[in-house]
Amino acid sequence: MTSKQTTIDIFHVPTNITLNTLTETIIGDESHAVVLRYPEISVTDINHIANVLQTNQHDYLEQLTTSQIIDVISQVAEKWTDPTYYLRQVAETAIPITTGYNADQVKLELKRFIRLFRKKELKRFVNSEIGHAGAMLDDFQPNLAGGFSKFFGPDLIFQIFSGNVPGIQLWTLIMGLLVKSPTLGKLSFSEPIMPALFVQTLAEIDSRLADSIAILPWHSGQELEKAGIEVADTVVVCGGEIAVKKVKAQVPLDKKVLSYGYKIGFVIVGREALTPEYYPQTIKKIAEDISIYDQQSCLAPQSIFVERGGAITTDEFSALLATELNNYQIKYSRAILQESEKLAIEKMRQATDIESIENSRTLLFASEDSTSWTVAFHDHLGFSASPLNRSVHVFSIDDFLQLQPILKPYQSYLQTAGVAIAPKRLFALANVLGKLGVSRMSAVGQMNHVSSAWHHDGHFNLLDLVRVTDIENSLEVESEYFDADVE
């Protein structure tokens with residue numbers, strides 16, 4: 001008998017749809033268990049839900065202005081910024097139990113993340129891509145060519161969400177709302193709680209807007225995914241490399257597909273950030289970038305390039321980073337790993353030990369009697385992905401221009417670079433990294449915290465979802481001749 005139990009419906013469907021048979025999955029221990037409830041669905045259910053969603057889009061969602069949609073979403077975010085809000089408290093209690101992430105870290109990161117969806121951030125997001133407060137999503141607006149243009153969102157988006165980081169699913173879910181498109185979403189059992197609770201809050205504020213969303217978890221199966229792809233005109237898929245490729249292969253050429261797959265982050269530390277004045281804080285920030293959600297986010301660093309010539313050597317940097325990772329482990333403990341994850345870290349450590357036999361300058365810094373954190377120092381230039389879970393490679397470098405041939409083979413996987421250098425070198429470095437495919441450069445300590453107007457994987461967010469209809473100037477002028485009142 002458990003002393004405490006939290007039951008959460010990890011699904012949402014429009015109010016006029018009833019799914020009677022619910023399955024329960026229990027996660028937790030004797031002190032606190034989380035009961036996740038969800039329906040078993042069929043292809044027939046998906047087809048019916050899709051029809052209802054499109055009807056609700058026609059009857060309500062597409063009648064709203066972008067400003068009205070932003071108002072509602074921002075009200076949801078404001079509720080979640082209140083520490084006493086009951087659904088936030090449910091999330092802060094349940095997500096650590098179901099994911100294994102440290103409870104204090106989850107509480108802190110959810111608080112930071114939800115602020116991206118307040119009104120001022122949403123306005124900035126829309127203006128950065130659509131402009132004019134999203135007016136071109138509401139009505140035909142004058143364009144620079146002399147005619148008029150309007151953006152139209154998809155009739156239905158089928159979204160396959162990842163479950164590696166709590167809340168990350170909200171990005172594309174909200175993107176769909178902003179372009180006035182309904183979403184049929186497949187949730188991951190790894191983390192279905194945050195999106196389900198967010199939509200529950202949306203329903204509290206505007207139930208009709210929430211009725212343009214259906215999110216349900218189901219175990220991977222081609223039959224249901226195929227049905228989701230068939231009923232939608234746009235597919236958005238987030239996940240690992242294999243999963244993304246598998247879904248993209250199923251999408252017909254006449255449908256739009258947006259994919260967000262596996263990416264590798266890295267850090268660049270210039271000698272100017274390694275002075276006695278700056279290096280303690282620089283290293284502490286990098287340790288935080290590594291440790292938040294145990295590097296499961298594609299934004300997190302897996303390799304670090306440290307420039308020689310600072311007040312501390314590159315191997316001293318590695319030793320101090322190891323100390324900070326140990327301090328972070330004490331404050332925010334890492335999640336318990338699967339055996340396969342532990343073995344991957346042990347394999348990295350063994351490979352580093354073997355390298356150190358051939359090169360005495362190679363050093364391994366690792367937590368004792370556990371795999372809690374690992375720093376592999378290589379006193380040469382190189383690049384490597386890590387097995388994640390607070391494991392990182394550190395490489396020495398003399399000049400950042402040396403990065404081009406090292407990173408070029410990994411170009412399709414590069415996304416975020418955390419950077420600590422002086423301003424006079426910033427844009428030269430940015431030009432090198434931009435040519436290599438890096439789509440985001442941030443300050444160290446901020447790698448996991450994107451801005452509201454970021455370009456995910458170097459692409460547009462809203463613009464990649466919409467299509468444009470133009471009324472050319474010739475038609476506008478010609479139509480005047482058919483006005484009965486014209487001279």
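Numbering starts at 1 and runs along the sequence shown.
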Polar side chain donor-acceptor pair, His32 to Thr6, under 3.5 angstrom
yes
Taken to the nearest 0.5 Å, the spacing of Ile290 CD1 from Lys285 NZ works out to 14.5 Å
Lys263 NZ to Tyr410 OH distance, which is reported to the nearest 0.5 Å
15.0 Å
For a side-chain hydrogen bond (donor to acceptor under 3.5 Å, both in side chains) check, start with the C-alpha distance between Ser439 and Asp457, then their side-chain angles and the critical distance, and finish with the verdict.
CA-CA 6 Å; Ser439 58; Asp457 290 350; 5.0 Å; no
Test item: side-chain donor near acceptor, Ser451 and Arg124, under 3.5 Å:
no
Whether the side chain of Arg88 engages the backbone of Thr81 through a donor-acceptor N/O pair (distance < 3.5 Å, no angle test) should be reported.
yes
Compute the ring centroids of Tyr293 and Tyr101, then answer whether they are less than 6.0 Å apart.
yes
Has Ser303 got a side-chain atom pairing as donor or acceptor with Ser384's backbone, closer than 3.5 angstrom?
yes
Strictly distance-based, threshold 3.5 Å: is any side-chain N or O of Ser188 a donor or acceptor partner for the main-chain N or O of Ser190?
yes
If the plane angle is over 60° it's perpendicular, under 30° parallel, otherwise tilted; pick one for His456 and Tyr260.
parallel
Polar side-chain atom of Gln415 near backbone of Gly265 as donor-acceptor pair, under 3.5 Å:
no
Mind checking the CD-CD spacing from Gln302 to Gln295? Nearest 0.5 Å is all I need.
6.0 Å
Look at the side chain of Asn56 and the backbone N and O of Asp211, then say whether any donor-acceptor pair between them is shorter than 3.5 Å.
yes
Kindly write out the residues that satisfy side-chain contact (heavy atoms from CB on, under 4.5 Å) with Glu272, not counting sequence neighbours, or none if the list is empty.
Glu307, Ile421, Ala422, Arg425
Distance only, no hydrogens: is a donor on one side chain within 3.5 Å (strictly under) of an acceptor on the other, for Gln296 and Asn389?
yes
Hey, what's the ring geometry for Tyr328 with Tyr332, parallel, tilted or perpendicular (30° and 60° as the breaks)?
tilted
So Trp171 and Trp454, would you call those rings parallel, tilted or perpendicular, with 30° and 60° as cut-offs?
tilted
ring-ring contact (aromatic ring centres under 6.0 Å, His included) partner of Phe189, chosen from Trp218, Tyr38, Phe161
Tyr38
Between Glu129 and Asn461, is there a side-chain donor-acceptor contact under 3.5 Å, judged purely by atom types and distance?
yes
Under a plain distance cut-off of 3.5 Å, with no hydrogens placed, do Thr23 and Glu40 share a side-chain donor-acceptor pair?
yes
Between atom CD of Glu324 and atom CG of Leu320, what is the distance when rounded to the nearest 0.5 Å?
8.0 Å
Hey, which of Glu346, Arg349, Arg390 is the one that makes side-chain hydrogen bond (donor to acceptor under 3.5 Å, both in side chains) with Thr374?
Arg349
Would you check if the side chain of Ser212 reaches a backbone N or O of Arg208 as a donor-acceptor pair within less than 3.5 Å?
no
Just by distance, do the side chain of Asn448 and the backbone of Asp289 share a donor-acceptor pair under 3.5 Å?
yes
